[in-house]
Amino acid sequence: MKSVVHLALPALAMAAAMEPRQAPDVRVVSARTISNGPGSGCPTGKFSFQLNADRTIGTAIFDDYRVSVGPGEDDSLRERFCDFEVTFSFPVGCTTGVIHNSPGGLIRLQDRFEASFASQYSIEKGQIVRPPGEIRYNSTNYGAPPNQYKDFKSDHAAGVRVTVNTATERNVVYRATTRILLSRPSIAPTENSVYDVQNSDVYITGLATC
């Protein structure tokens, strides 16, 4: 009898090891702007947040996250920032995944002008393991006739690793420190260039236990 039990235990352990682990369940809880003061593109009253039905995607909505360069315009209008926080609910234990911050809106660039989106991310109870680079837009792809604009939707994705120790600590705050900029060559603008970030979807993919 003892020999049967001795042989069965490794078999059970092997079966357990081969059984795939269920992906962690992560939900978006809420969001808030933490940007105010001069240069903010999402001050209080100009930022809102919507959740989809199963709370897997949150959409930040910006009423004033816009930069522009044009004839006679103040050069200070070509740069804005927006810092916001999104709270996720993570399971207890160690979880890895990829958090996406996907800005979208309207853009129009005069010939040789460029726009860029950059962001730094941090997350409570964990770390960013693969920080993304800057997103750049050029007039070759985003030029348009005067007073006409192109839609854009981009993706800024960062790998994360989060460890939650107890069920009472499942809420985890993800912070995005974003900046948008219009760059121009050493010539005066003769047309209006606009980079208008109207929304950004925030969600997480590639979930796994670690």
Quick check: is [Y] connected to [X] through a chain of hydrophobic side chains (ILVMFWY, heavy atoms under 4.5 Å apart)?
X	Y	answer
F81	V67	no
V202	V160	yes
V194	V197	no

Kindly indicate whether the side chain of [X], heavy atoms from C-beta on, has any atom under 4.5 Å from the side chain of [Y].
X	Y	value
V129	T96	no
V98	R130	yes
Q198	L106	yes
F62	P103	no
S89	V28	no
L77	S68	yes
S193	R184	no
P185	F113	yes

### Message
For a side chain to side chain contact (heavy atoms under 4.5 Å, CB included) check, start with the C-alpha distance between N101 and T178, then their side-chain angles and the critical distance, and finish with the verdict.
### Response
CA-CA 10 Å; N101 179 24; T178 74; 4.0 Å; yes
### Query
Any ion pair linking R78 and E73 (charged N to carboxylate O, less than 4.0 Å)?
no
### Query
Would you call the rings of Y174 and F88 parallel, tilted or perpendicular, where under 30° means parallel and over 60° means perpendicular?
perpendicular
### Query
Should the ring pair F117 and H156 be called parallel, tilted or perpendicular, given that the plane angle runs from 0 to 90° and is split at 30 and 60?
perpendicular
Look up atom [atom1] in [X] and atom [atom2] in [Y], then write down how far apart they are to the nearest 0.5 Å.
X	Y	atom1	atom2	answer
C94	K125	SG	NZ	14.0 Å
F49	S200	CZ	OG	9.0 Å
I99	T205	CD1	OG1	9.5 Å
L207	F90	CG	CZ	7.0 Å
N141	K150	CG	NZ	7.0 Å
D63	S48	CG	OG	6.0 Å

### Message
Let's go through L182 and L109 carefully: what are the C-alpha distance in whole Å and the side-chain angles of both, what is the deciding distance for side chain to side chain contact (heavy atoms under 4.5 Å, CB included) to 0.1 Å, and is it a yes or a no?
### Response
CA-CA 9 Å; L182 267 174; L109 298 174; 3.4 Å; yes
Do side-chain atoms of [X] reach the backbone of [Y] as a donor and acceptor pair under 3.5 angstrom?
X	Y	result
N36	T44	yes
S139	R112	yes
S119	T177	yes
E191	P146	no
K46	G41	no

Check [X] against [Y] and note the closest heavy-atom contact, atom names and distance.
X	Y	result
A115	I107	CB-CD1, 4.2 Å
I204	V26	CG2-CG1, 3.9 Å
R80	R66	CG-O, 3.5 Å
L181	E79	CD1-CB, 3.8 Å
V162	V172	CG1-CG2, 4.0 Å
P145	R108	O-NE, 3.0 Å

### Query
Quick one: are the ring centres of F152 and Y142 less than 6.0 Å apart?
no
Is a donor from one side chain sitting under 3.5 angstrom from an acceptor on the other, for [X] and [Y]?
X	Y	answer
S154	Y137	yes
D201	N199	no
Y149	D196	no

Atom [atom1] of [X] with >12 non-hydrogen neighbours under 6.0 angstrom:
X	atom1	answer
D74	CG	yes
Q120	CD	no
R161	CZ	no

### Task
Identify, with sequence neighbours excluded, every residue that meets side-chain contact (heavy atoms from CB on, under 4.5 Å) alongside T87.
V29, S30, N171, V173
